[in-house]
Protein chains: 4
Amino acid sequence: MKKREVQASVKDERLVKKRRDQMIKGAVSLFIEKGFHRTTTREIAKASGFSIGTLYEYIGTKEDVLYLVCDSIYDKVRERLQKGLDKNQGTILSLKQGIADYFKVVDGMQDEVLVMYQEVKSLSKDALPYVLKKEIEMVAMFEHVIQFCIENGELDLPEDKVKMIAHNIFVQGQMWAFRRWSLQKMYTIDDYINLQTDLLFQGIQPAVKAE
Amino acid sequence: MKKREVQASVKDERLVKKRRDQMIKGAVSLFIEKGFHRTTTREIAKASGFSIGTLYEYIGTKEDVLYLVCDSIYDKVRERLQKGLDKNQGTILSLKQGIADYFKVVDGMQDEVLVMYQEVKSLSKDALPYVLKKEIEMVAMFEHVIQFCIENGELDLPEDKVKMIAHNIFVQGQMWAFRRWSLQKMYTIDDYINLQTDLLFQGIQPAVKAE
Amino acid sequence: MKKREVQASVKDERLVKKRRDQMIKGAVSLFIEKGFHRTTTREIAKASGFSIGTLYEYIGTKEDVLYLVCDSIYDKVRERLQKGLDKNQGTILSLKQGIADYFKVVDGMQDEVLVMYQEVKSLSKDALPYVLKKEIEMVAMFEHVIQFCIENGELDLPEDKVKMIAHNIFVQGQMWAFRRWSLQKMYTIDDYINLQTDLLFQGIQPAVKAE
Amino acid sequence: MKKREVQASVKDERLVKKRRDQMIKGAVSLFIEKGFHRTTTREIAKASGFSIGTLYEYIGTKEDVLYLVCDSIYDKVRERLQKGLDKNQGTILSLKQGIADYFKVVDGMQDEVLVMYQEVKSLSKDALPYVLKKEIEMVAMFEHVIQFCIENGELDLPEDKVKMIAHNIFVQGQMWAFRRWSLQKMYTIDDYINLQTDLLFQGIQPAVKAE
DNA sequence: TATGAATGAGACTTCATTCAT
DNA sequence: TATGAATGAAGTCTCATTCAT
C-alpha cells in the first residue's frame with residue numbers, strides 16, 4: 001500500500017517536504033494542547049510560520065494535516081522500533097531488550113503518541129486505513145521477534161498466544177503515554193519496564209504455601 | 001466528590017432523569033457514528049426524540065451531553081463490575097472469575113466503552129476530574145480483589161506489582177473494545193478471556209529444552 | 001383617545017388589575033437594571049411572582065408589558081403633576097411652585113422616568129401614539145398654567161414662546177433623571193430647582209459694565 | 001483616555017478604517033429604522049456591503065458596531081462644534097453664534113444624534129465610559145466659551161450657573177432631534193434658534209403692568 | 001510561490017409563545 | 001385560573017476554504 005497522496009499546488013518536492021515538516025511540528029503541539037477539532041487552520045498556519053494561504057498550497061483540507069501528523073508520528077516510532085529490534089538475536093534476552101527499547105521510545109515521544117492515539121479516530125474513512133496499516137505492521141514486528149525466539153527453541157508458544165502477546169506489548173507501550181497521569185506518579189520508566197517485563201514472563205505466581 | 005451539576009430549567013426531577021436518559025441513548029449512537037465534535041446539537045435533539053429547545057431545557061451546553069454520556073457509561077460499567085466482584089472469595093479462582101466478568105461486561109458494552117474511551121479527552125478541564133475519578137475507582141476495585149487474595153495467602157505480591165496488574169487488567173478490558181477490529185477477527189470473547197487469563201497468570205514460559 | 005386594549009384571557013377585572021400591577025412593579029426594576037430587550041419574559045414572570053404561563057394570561061406579547069409599564073409611569077407622573085398644578089392661581093409664584101413640584105415628582109420617580117425615557121422608542125408603531133399622547137398632554141398642562149398667567153396679566157408672551165417654555169420645563173424635568181450622573185454630582189434637587197427657575201425667569205444677565 | 005480597542009483580524013489599517021466607515025454608515029440607517037436590538041448582524045453586514053464573515057473580520061461582537069457608531073457620531077458632532085466655537089471671541093455675540101452653530105450641526109445630523117441618544121445605554125459597562133467622556137467634553141466646551149465671556153467682562157455668573165447653562169444648551173441641542181415630532185411641526189430650525197437664544201438670555205419677562 | 005481579505009454554510013444557544021394538564 | 005414543559009424561529013459568531021494580488 002502506497003502512501004496516501006495529499007494534494008499540493010506547489011511543485012518543488014523539496015519545498016513541499018520542508019513546509020510539511022514545519023506544519024507537522026506546529027500542529028502536534030497544538031493538537032496536544034487542544035485537540036484536532038479545537039485547533040483552527042489559522043492557528044496551524046501561524047504555528048507553522050506561514051500564512052493561511054500558504055498552508056493551503058501544501059494541503060487540500062484540514063484533515064490532511066491530521067493525516068500528515070499521524071503518519072509522521074507512526075513513521076518515527078516505527079523507525080526507532082525497527083532500529084531496536086534489528087539487534088534481535090532470537091533470544092529471550094534480546095526480546096526483553098526490544099520491549100525495553102520500545103517502551104523507551106514511547107517515553108521519549110509521549111506527546112506524539114498521545115496525540116496520535118487520541119486523534120486517529122478523527123481521520124476520515126478514507127485516510128484511516130493508511131494509518132492503521134502502520135499499526136498493524138508494528139504489532140507484526142513484535143510477532144516476528146517472538147516467532148524468532150520460537151524458531152530458536154527459546155520459546156514454545158501457539159500461534160494465537162504469540163499474537164496476543166504482541167498486542168499486549170504494543171498496548172502496554174501506548175499505555176505508558178495515555179495513562180501517564182496515573183502511571184507516572186507511581187513508576188519511573190525503568191520501574192515500568194521492569195515490572196511489565198517481569199509480569200509478562202513470570203505472570204502472577206501463586207504463593208508458595210508452607211507445609 | 002459529588003456529581004457535577006448539570007443545569008436544567010425543568011424542575012421535575014423524575015422528568016429530568018427520563019429526558020436525560022433519552023438524550024444519552026440518542027447521543028451515544030451518534031457519538032459512535034461520528035464522534036462528539038462532528039455531532040450537532042440538533043442531531044442529538046432529534047435522536048433523543050425532542051426539539052432543540054427541549055434539549056436545552058435539560059442541559060446548559062453541548063459539552064454537558066458528553067459529560068452525561070461519559071458519566072452514565074462509567075456508572076453502568078462500574079455497577080456491573082461491582083456485581084461481578086461482589087462474589088469474590090479471595091481465591092485465585094474468583095479473581096479469574098472477576099476478570100472474566102469484567103471482560104464480558106466490556107464485550108456487552110463495546111460501543112459505549114469505545115465512545116467513552118475516545119471522547120473523554122473532549123471534556124472540559126472542569127468536568128474531566130469527575131469522570132476520571134470513576135476510572136480510578138474501578139482500577140482500585142481490581143486492586144482490592146488482588147489484595148484480598150494476598151491476605152488469604154493465595155498470592156504473594158509486592159504493592160507495586162498489585163497496582164500494575166490492576167491497571168493491566170483494566171486496560172486489557174478496554175482493549176477488547178478499542179482494538180476490536182484486530183482482535184475480534186482472531187478471537188471470540190471467550191478465547192480472549194482464556195488467553196489473557198492464561199498469560200496473566202502463567203506469563204510466557206520458556207521452552208523446556210530437551211537434553 | 002381610549003386606552004389601548006391589552007389582551008387578557010382572564011375575565012375577572014379586579015384580578016387583571018392586581019396581576020398587572022405586580023407585573024409592572026417587577027418589570028420596572030428589571031428594565032432599569034438591564035433594559036427592555038435584555039429582560040426575558042421568564043424574568044418578568046419571576047419578578048412578578050408568578051409563572052410564565054400566568055404572565056401570558058394577562059398579556060398578549062412581551063411588548064404589552066412595556067406598554068403597561070410606560071402607561072402606568074406616565075399616569076403616575078401626570079397624576080402628581082396634576083395635583084401640583086391644581087393649586088395654580090395664575091401667578092408667577094404659583095407657576096414657580098408648579099415647576100418645583102414637577103421637578104420633585106421626577107426626583108422621586110427617577111428610575112421610572114429614566115426607564116420610560118429610554119424605552120418608549122421600543123414600543124411598536126401601534127402602541128407608541130397612546131403613550132406619546134400622554135406626554136403631549138403633560139406639556140400642554142404647563143402651557144395652560146403659563147397661559148393662565150398671561151390671562152391674569154402677570155406675563156406677556158407670544159404663543160410660540162409659551163410652547164417653547166412648556167417644552168423646556170418638561171425636558172428639564174426629565175433631564176434631572178437622564179443626566180443624573182452628571183447633575184446629581186453637582187446639585188441637590190433644591191439647587192437644581194432654584195438654578196433652573198432662576199435661569200428660566202432671569203435668563204443670562206449681561207454684566208453691568210462700570211463706567 | 002485612549003480610544004477603546006475594537007478587535008480586528010485584518011491588519012491593513014487603511015482598510016480597517018474604510019470598512020468600518022462602510023459599517024457605520026450602514027448601521028446608522030438601520031439603527032434609526034429599527035433600533036440596535038432589532039437589527040441583526042446579518043442586516044448590518046448587508047447594509048455595509050459585505051458578508052457576515054467579513055463583518056466579523058472587523059469587529060469582535062455586535063456591540064462593537066454600536067460603539068463604533070456612537071463614537072463616530074460623537075466625534076463628528078464634536079469636531080463640527082469645535083470648528084464653530086473656535087471663532088469665539090469671548091463676546092455674547094459669538095456665544096450666541098456658537099449656540100446657533102451647534103443647533104445647526106444637530107439639525108444636520110438629526111438621525112445620528114437621535115440614534116446615539118437612544119442607544120448609548122445599550123453599550124456595555126465596558127464601552128460606556130469612553131463614549132460618555134466625549135459628551136462631558138462637549139458640555140465642557142460650552143462652559144469654556146461662557147467662561148471666556150466672563151473673563152472678558154461680558155458676563156458675570158457664578159460657577160454653578162455656568163455649568164447649568166452649559167448643560168441646558170447641550171440638552172436643548174439634542175432636544176431638537178429627540179423631540180422632533182413635536183418641535184419641528186411648530187418651528188423651523190431658525191425659529192428654534194431664535195426662540196431658545198432669546199429665552200436663554202432674556203428669560204421670561206414679567207408683563208409690564210400699565211399704571 | 002506567498003499572502004491575507006473575503007466568503008457563507010453552519011454551529012450553538014436563547015427566548016417568546018403555546019397548550020395540555 | 002395557574003403551571004411549566006415543549007417548541008422552533010432566529011440570533012450571534014466561527015472557521016474551513018478560495019482567490020485576486
Side-chain angles (χ1 to χ4, degrees), chain A residues 8-12 15-16 19 37-46 49-65, chain B residues 8-12 15-16 18-19 37-45 49-65, chain C residues 8-12 15-16 19 37-46 49-65, chain D residues 8-12 15-16 18-19 37-45 49-65:
Chain A
S9 312
V10 173
K11 302 289 168 241
D12 180 346
L15 192 52
V16 171
R19 291 277 179 265
H37 281 105
R38 290 200 226 273
T39 301
T40 68
T41 49
R42 273 151 138 104
E43 287 170 323
I44 295 170
K46 193 172 186 184
F50 36 71
S51 71
I52 183 68
T54 302
L55 183 74
Y56 275 87
E57 296 289 313
Y58 297 94
I59 55 161
T61 70
K62 183 186 174 190
E63 212 224 81
D64 285 342
V65 181
Chain B
S9 310
V10 173
K11 294 290 162 59
D12 181 346
L15 191 55
V16 170
K18 182 180 154 197
R19 291 278 178 267
H37 282 104
R38 289 201 226 271
T39 301
T40 70
T41 50
R42 269 205 251 282
E43 287 171 323
I44 296 171
F50 34 70
S51 72
I52 183 68
T54 301
L55 181 72
Y56 275 89
E57 293 283 301
Y58 297 93
I59 54 160
T61 69
K62 184 187 175 190
E63 210 226 81
D64 285 341
V65 180
Chain C
S9 312
V10 173
K11 300 289 168 240
D12 179 346
L15 192 53
V16 171
R19 291 276 179 266
H37 281 104
R38 290 200 227 271
T39 301
T40 69
T41 49
R42 273 151 137 104
E43 287 171 323
I44 296 170
K46 193 171 186 186
F50 36 72
S51 72
I52 182 68
T54 302
L55 183 75
Y56 274 87
E57 295 289 313
Y58 297 93
I59 54 159
T61 70
K62 183 186 174 189
E63 211 225 81
D64 286 341
V65 181
Chain D
S9 310
V10 173
K11 294 290 163 58
D12 181 346
L15 191 54
V16 170
K18 181 181 157 197
R19 291 278 179 265
H37 282 105
R38 291 200 225 271
T39 301
T40 70
T41 49
R42 267 201 254 282
E43 286 170 325
I44 295 171
F50 34 69
S51 71
I52 182 68
T54 301
L55 180 73
Y56 276 89
E57 293 283 303
Y58 297 93
I59 53 162
T61 69
K62 184 187 174 188
E63 211 225 80
D64 285 341
V65 181

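As the structure is a prediction and not an experimental result, all values here were calculated from the model.
- Nearest heavy atoms, A/R38 versus A/E43: O-OE1, 3.8 Å.
- Rounded to the nearest 0.5 Å, atoms NZ (C/K46) and OG (C/S51) are 13.0 Å apart.
- Proximity of B/S51 to the phosphate of F/dA6: no side-chain N or O atom is located under 4.0 Å from OP1 or OP2.
- The two residues B/R42 and B/I52 make their nearest non-hydrogen contact at N-CD1, 4.0 Å.
- An OP1 or OP2 oxygen of F/dA5 is reached within less than 4.0 angstrom by no side-chain nitrogen or oxygen of B/Y58.
- The interatomic distance linking B/E63 (CD) with E/dA11 (P) rounds to 18 Å, in whole Å.
- The CD-C1' distance, from B/E57 to F/dT7, rounds to 9 Å in whole Å.
- Spacing between atom CG of B/L55 and atom P of E/dT13 amounts to 9 Å, rounded to whole angstrom units.
- The two atoms that bring C/I59 and C/T61 nearest to each other are CD1-O, 3.5 Å, heavy atoms only.
- Residue C/V16 comes nearest to C/V10 through the heavy atom pair CG2-O, 3.6 Å, listed as atom of the first residue, atom of the second, then distance.
- Between C/D64 and C/Y58 there is no side-chain heavy-atom pair separated by less than 4.5 Å.
- Spacing between atom NE2 of C/H37 and atom P of F/dA10 amounts to 16 Å, rounded to whole angstrom units.
- When all heavy atoms of C/T41 and C/L55 are compared, the pair lying nearest together is O-CD2, 3.6 Å.
- Distance from the side chain of B/V10 is smallest for F/dA6 among the nucleotides E/dT3, F/dA6, E/dT13.
- Heavy-atom nearest nucleotides on DNA chain F were determined for C/S9 and for A/T61, and the one closer to the 5' end corresponds to C/S9.
- The base of E/dG10 lies close enough to the side chain of D/R42 for a donor and an acceptor atom to sit less than 3.5 Å apart.
- Positionally, the nearest nucleotide of DNA chain E for A/F50 lies more toward the 5' end than for the other of A/F50 and C/G53.
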Item to check | Dot-bracket notation for DNA chain F, counting Watson-Crick and G-U pairs under 3.5 Å, with | for partners on another strand | outcome: .||||||||||||||||||||
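- We find that NZ of D/K62 is positioned 15 Å from P of F/dT14, with the value rounded to whole Å.
- Proximity of D/Y56 to the phosphate of F/dC13: a side-chain N or O atom is located under 4.0 Å from OP1 or OP2.
- An OP1 or OP2 oxygen of F/dT12 is reached within less than 4.0 angstrom by a side-chain nitrogen or oxygen of D/T41.
- Rounded to an integer number of Å, the gap from CG of C/L15 to C1' of F/dA2 is 10 Å.
- When rounded to the nearest whole Å, the span between CD1 of C/I52 and C1' of F/dT7 equals 14 Å.
- What separates NZ of A/K11 from C1' of E/dA2 is a distance of 15 Å, to the nearest Å.
- Listed pair D/T54 / E/dA5 fails the phosphate criterion, with no side-chain N or O lying under 4.0 Å from OP1 or OP2.
- When the side-chain nitrogen and oxygen atoms of A/R19 are compared with OP1 and OP2 of E/dA2, one or more of them lie within a distance under 4.0 Å.
- Shown here for C/F50 and C/R19, the closest heavy-atom pair between the two residues is CE2-CD, 3.5 Å.
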